[in-house]
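Here is the structure we will look at.
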Amino acid sequence: MVLILYGTETSPPVRAVLLTLRAMQLDYTFHQLDMQSGEHLDPAYLQKNPQHTIPMLEDDGGKYIWDSHAICGYLVNQYGQQPDGDLLYPKEPLQRAVVDQRLHFESGILFHTCFKQLQKLVFRENVTELPKEQIVELNEAYALLEQFLNDHSFMAGDHLTIADFSLVSTLSTLHLSYAPIQASKYPKLSSWLGRLSALPYYEEANLRGARQLADRVRAKLPKQFDKLWQKAFEDIKSGAGKQ
Ligand SMILES: N[C@@H](CCC(=O)N[C@@H](CS)C(=O)NCC(=O)O)C(=O)O
């Protein structure tokens, strides 16, 4: 097995894969792709991944897989012989369905809502704002995640799965950049973030890149953004933000 991960550690979906690789203690090479200079649009990369996204995983020279959710599932399916390897993506149909639902939530709701705008904010000079609808949408997403946790320690039950890795890659970025997960409002989500942060490989595989991206996001936002955001969250609490 020769695994090569293409990407940059600021990218949340790349960090979801890094967390999975580290949790499974797999050996891999990290191939740094500079998106600012358009390396992901290079014809050689496009030939491997016509969707030109990161992360992309190359396995055994010639097998290419992209989309972090597909990659994380593949890694556990293919290489999950470690004692708790399978638990990261359980085989039991109901448990797996819960993990899949969380993964689709990350992909279809959380990432989709925020990251296209964040990409524009970071990469386009003339973009210095985030759409106001995000405030309501993110608030709804956080409230749902709080409910997903229910009485569990992790997103899909009582043990760590790739759903935790996928969600924390996006949530930690939002938390550090402009939408903090307040313990008073989302106590379970906040404790969950603390639990993930305590993983021995968390800082290298996720926090470092999340901080870098958050710094870039915050540098583009107006100084008063935090106050505006806080006020908007308060309005939602009283129902005023819904109109
Ligand atoms: N759902 C995808 C999202 C991948 C994605 O959009 N990645 C961004 C970087 S965070 C990207 O590659 N953008 C460049 C592009 O779309 O051309 C995944 O989970 O892998």
Side-chain angles (χ1 to χ4, degrees), residues 5-24 28 30-36 40 53-57 67-69 71-72 75 88 102-103 105-107 109-123 127 130 134-135 137-139 141-142 145-146 148-149 154-155 160-183 185-186 188-221 225-226 229 233:
L5 177 63
Y6 294 76
T8 169
E9 68 177 8
T10 49
S11 155
V14 170
R15 286 186 262 117
V17 177
L18 286 171
L19 284 162
T20 306
L21 286 163
R22 294 294 299 269
M24 296 180 70
Y28 63 94
F30 191 63
H31 184 114
Q32 183 75 31
L33 266 194
D34 182 3
M35 292 184 57
Q36 219 134 8
H40 61 306
T53 50
I54 54 166
M56 178 180 74
L57 182 77
D67 191 284
S68 60
H69 313 85
I71 297 171
C72 294
L75 286 171
L88 285 174
R102 282 20 173 186
L103 292 174
F105 185 86
E106 195 283 334
S107 180
I109 310 263
L110 210 56
F111 188 85
H112 184 77
T113 306
C114 311
F115 276 85
K116 288 294 155 199
Q117 266 84 33
L118 277 198
Q119 261 177 212
K120 285 187 201 151
L121 190 77
V122 169
F123 289 114
V127 179
L130 290 166
Q134 258 203 32
I135 294 168
E137 288 167 0
L138 268 187
N139 206 60
Y142 284 10
L145 288 162
E146 181 78 5
F148 292 172
L149 283 163
F154 297 99
M155 278 295 169
L160 199 60
T161 68
I162 55 174
D164 295 289
F165 295 152
S166 180
L167 285 161
V168 83
S169 68
T170 306
L171 283 166
S172 56
T173 307
L174 290 165
H175 178 67
L176 292 168
S177 49
Y178 63 96
I181 297 166
Q182 291 155 343
K185 199 167 176 192
Y186 305 107
K188 292 175 192 166
L189 199 52
S190 175
S191 305
W192 168 83
L193 187 58
R195 219 166 281 130
L196 269 281
S197 306
L199 293 170
Y201 45 83
Y202 183 82
E203 169 135 17
E204 257 181 61
N206 188 58
L207 187 59
R208 198 171 57 196
R211 280 202 181 117
Q212 283 168 26
L213 180 55
D215 287 347
R216 284 162 74 177
V217 169
R218 292 178 69 88
K220 284 289 294 282
L221 292 172
F225 189 85
D226 278 354
W229 185 266
F233 258 57

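Computed from heavy atoms alone, side chains included, the values below leave out hydrogens, waters and symmetry copies.
In this model, no donor atom of one side chain and acceptor atom of the other lie less than 3.5 Å apart for S190 and Q182. There is a side-chain donor-acceptor pair under 3.5 Å between T170 and E106. Residues T173 and R15 have side chains that bring a donor and an acceptor to within less than 3.5 angstrom of each other.
In this structure, CG in L19 is found 7.5 Å from CG in L196, a value given to the nearest 0.5 Å. To the nearest 0.5 Å, atoms CD (Q36) and OG1 (T10) are separated by 8.5 Å. Here the straight-line distance linking atom OG of S68 with atom CZ of F165 works out to 12.5 Å at 0.5 Å rounding. To the nearest 0.5 Å, the span separating CG on L33 from OG1 on T8 amounts to 8.5 Å. Rounded to the nearest 0.5 Å, atoms CG (L130) and SG (C114) are 8.5 Å apart. We find the CG-CG distance between L221 and L121 to be 5.0 Å, quoted to the nearest 0.5 Å.
With sequence neighbours left out, the side-chain contact (heavy atoms from CB on, under 4.5 Å) criterion links E146 to Y186, P187, K188, L189. Partners of H40 by side-chain hydrogen bond (donor to acceptor under 3.5 Å, both in side chains), not counting sequence neighbours: none found. Residues satisfying the salt bridge (Lys or Arg N to Asp or Glu O under 4.0 Å) criterion with R218, sequence neighbours excluded, are D226. Partners of H112 by side-chain contact (heavy atoms from CB on, under 4.5 Å), not counting sequence neighbours: none found. Take H175 and apply the side-chain contact (heavy atoms from CB on, under 4.5 Å) test, not counting sequence neighbours, and it matches P180, I181, L193. With sequence neighbours excluded, the residues forming a side-chain contact (heavy atoms from CB on, under 4.5 Å) with R211 are L176, E203, L207, listed by chain and number.
Within the 4.5 Å cutoff, no side-chain heavy atoms of L213 are placed close to those of S177. F154 is not listed as a side-chain neighbour of R102, based on a closest heavy-atom distance of 4.5 Å or more. V14 is not listed as a side-chain neighbour of Y6, based on a closest heavy-atom distance of 4.5 Å or more. No side-chain heavy atom of H31 sits less than 4.5 Å from a side-chain heavy atom of L5. With contacts defined as side-chain heavy-atom distances shorter than 4.5 Å, the pair L75/Y28 does not qualify. At least one side-chain heavy atom of Y142 sits under 4.5 Å from a side-chain heavy atom of L171.
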Item to complete: Tell me, with the steps shown, if N139 and K185 meet side chain to side chain contact (heavy atoms under 4.5 Å, CB included).
Response: CA-CA 10 Å; N139 206 60; K185 199 167 176 192; 3.1 Å; yes
Worksheet item: Under the side chain to side chain contact (heavy atoms under 4.5 Å, CB included) criterion, do Y178 and L138 qualify, and how do the steps go?
Response: CA-CA 11 Å; Y178 63 96; L138 268 187; 4.3 Å; yes
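The distance between the ring centers of F105 and F148 falls below 6.0 angstrom.
A donor-acceptor distance shorter than 3.5 angstrom exists from the side chain of S169 to the backbone of S166, with no hydrogens or angles considered. Formation of a donor-acceptor pair under 3.5 Å by the Y201 side chain with backbone atoms of L18 is not found in this model. Under the 3.5 Å distance criterion, the side-chain polar atoms of S11 are left unmatched by any main-chain donor or acceptor of G7. In terms of modelled atom types and a separation under 3.5 Å, the side chain of D164 and the main chain of M155 share a donor-acceptor contact. Side-chain atoms of K220 come within 3.5 Å of backbone N or O of V127 as a donor-acceptor pair.
Of all heavy-atom pairs spanning F111 and P13, the tightest one is CE1-CD, 3.6 Å. Taking each heavy atom of N206 and V168 in turn, the nearest pair found is ND2-O, 3.9 Å.
A salt bridge links R22 with E204: at least one charged nitrogen is closer than 4.0 Å to a carboxylate oxygen.
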